[in-house]
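Here the structure comes first, spelled out in structure tokens, and everything after it is commentary.
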Amino acid sequence: MGHSGKRVSGPTVGRLSLYRRLLNVLRDEGVSHVFSRQLAAMAGRTAAQVRRDLMVVGYSGSPGRGYDVARLLASLREFLDTPGGQNVALVGVGNLGKALLSYFAGRRPNLRIVAAFDIDPGKANRVINGCRCYSSQRLAEMLAAKGIRVAIIAVPAAAAQDIADRLTACGVRGILNFAPVRLRVPPGVHVEDLDMIVSLEKAAYFARQGGPRTGEAADA
Ligand code: NAD
């Protein structure tokens, strides 16, 4: 649910986030207006889908000039973002966790990884790739102190469910899970699984087949 109060589906939120990324690129290139068909071509969607999605955020362009890029970005920000930003925790500061920290550092002012946790005492009480790392024993204390409701899991598969249980018990309501396990979470908690190996295998499969059937890429 955006803070405007409208409930929208996960795929719609994903597409809105993608449109925002594309619009940021256009803005940086000095483009002031864009038509739905242009945004659709960039996003690999249809113009009708783009228009339907953007109606959700409450901003419609003008038929003659298209969408005002700056105003549309402001509407997307209002719809997608929490005012003042949201603090995020990372659990598991290994190869993947460190890469995530360096990627996110200073890049997403609205979604800040403000605390990282690891079971390895050698990583606790250090700043790693711009983020303070704590012993995972301090999870509950630090989540409460920093008002964290979103977390990333980058621990080995065997530890992931226990971490998810502890996170949700502390009030986390959104999890980005990189561990290759299906997490069980209480109702009201959203889990987003991300698996680069599945995506790479898909890319390799379709490279061999000469591409997906028409329309399939857009449905995935
Ligand atoms: P890694 O071994 O380099 O790092 C794991 C880290 O988690 C270590 O620092 C370890 O000390 C810590 N850890 C272990 N148990 C913990 C616990 N109970 N609490 C807190 N920290 C704990 O592994 P990696 O290569 O960074 O991979 C991490 C996870 O991400 C694995 O589950 C891996 O399968 C997965 N992964 C997923 C993708 C993807 O695309 N989904 C890609 C790479 C890795």
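Order of appearance sets the numbers: ligands from 1, and atoms from 1 within every ligand.
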With backbone taken as N, CA, C and O and side chain as the heavy atoms from C-beta onward, which portion of Val93 lies under 4.0 Å from ligand 1: side chain, backbone, both, or neither?
backbone

Please examine the side chains of Arg20 and Arg77, heavy atoms only from C-beta on, and report whether any two atoms are closer than 4.5 Å.
yes

For Gly97 against Leu90, the heavy-atom pair lying closest together
O-CD2, 3.5 Å

Within the structure, does at least one protein heavy atom fall under 4.0 Å of atom 2 (O) of ligand 1?
no

Within a distance of under 4.0 Å, is there any protein heavy atom near atom 23 (O) of ligand 1?
no

For atom 21 (N) of ligand 1, closest protein heavy-atom neighbour:
Ile119 N, 3.2 Å

Can you tell me the protein heavy atom closest to atom 28 (C) of ligand 1 and the distance?
Ala154 O, 3.2 Å

Under a 4.0 Å heavy-atom limit, does Ala159 contact ligand 1 with its side chain, its backbone, both, or neither?
side chain

Give a yes or no on whether Arg184 atom CZ has more than 12 heavy-atom contacts from other residues, nucleotides or ligands under 6.0 Å away.
no

Within ligand 1, which atoms have a heavy atom of Pro180 less than 4.0 Å away?
32 (O), 34 (O)

With a 4.5 Å cut-off on side-chain heavy atoms, are Val172 and Val189 touching?
no

Can you list the atoms of ligand 1 that are under 4.0 Å from a heavy atom of Met196?
39 (C), 40 (O), 41 (N), 42 (C)

For ligand 1, which atoms have a heavy atom of Gly92 less than 4.0 angstrom away?
7 (O)

Taking the basic N atoms (NZ, or NE/NH1/NH2) and the acidic carboxylate oxygens, is any pair closer than 4.0 Å for Lys202 and Asp195?
no

Starting from atom 25 (O) of ligand 1, which protein heavy atom do you reach first, and at what distance in Å?
Asn95 CB, 3.8 Å

At a 4.0 Å threshold, what atoms of ligand 1 neighbour a non-hydrogen atom of Asp195?
39 (C), 40 (O), 41 (N)

Do Val155 and ligand 1 have an N or O pair less than 3.5 Å apart?
yes

Is there a nitrogen or oxygen of Phe117 sitting under 3.5 Å from a nitrogen or oxygen of ligand 1?
no

So do Val93 and Lys98 actually touch side chain to side chain, heavy atoms under 4.5 Å?
yes

Do Glu192 and Asn177 have side chains that get closer than 4.5 Å, going by heavy atoms?
no

To which protein heavy atom is atom 35 (C) of ligand 1 closest, and what is the distance rounded to 0.1 Å?
Phe178 O, 3.5 Å

Proximal atoms of ligand 1 relative to Leu194 (non-hydrogen, under 4.0 Å)
39 (C), 40 (O), 41 (N)

Is Ile175 close to Thr168 at the side-chain level, that is, under 4.5 Å between some pair of heavy atoms?
yes

In terms of residue, atom name and distance, what is the protein heavy atom nearest to atom 43 (C) of ligand 1?
Leu96 CD2, 4.0 Å

Any idea which heavy atoms bring Ala70 and Asp68 closest together, and the distance?
N-OD1, 3.1 Å

Inspect the contact between Arg45 and Asp53 and indicate whether a charged nitrogen and a carboxylate oxygen are less than 4.0 angstrom apart.
no

Which heavy atom of Ala116 sits nearest to which heavy atom of Cys131, and what is that distance?
N-SG, 3.8 Å

Atoms of ligand 1 less than 4.0 Å from Lys123 heavy atoms?
8 (C), 9 (O)

What are the two closest heavy atoms between Ala89 and Phe117, and how far apart are they?
CB-CE1, 3.9 Å

So the atoms of ligand 1 within less than 4.0 Å of a heavy atom of Ala179 turn out to be 32 (O)

Determine whether the side chain, the backbone, both or neither of Ala157 has a heavy atom under 4.0 Å from any heavy atom of ligand 1.
backbone

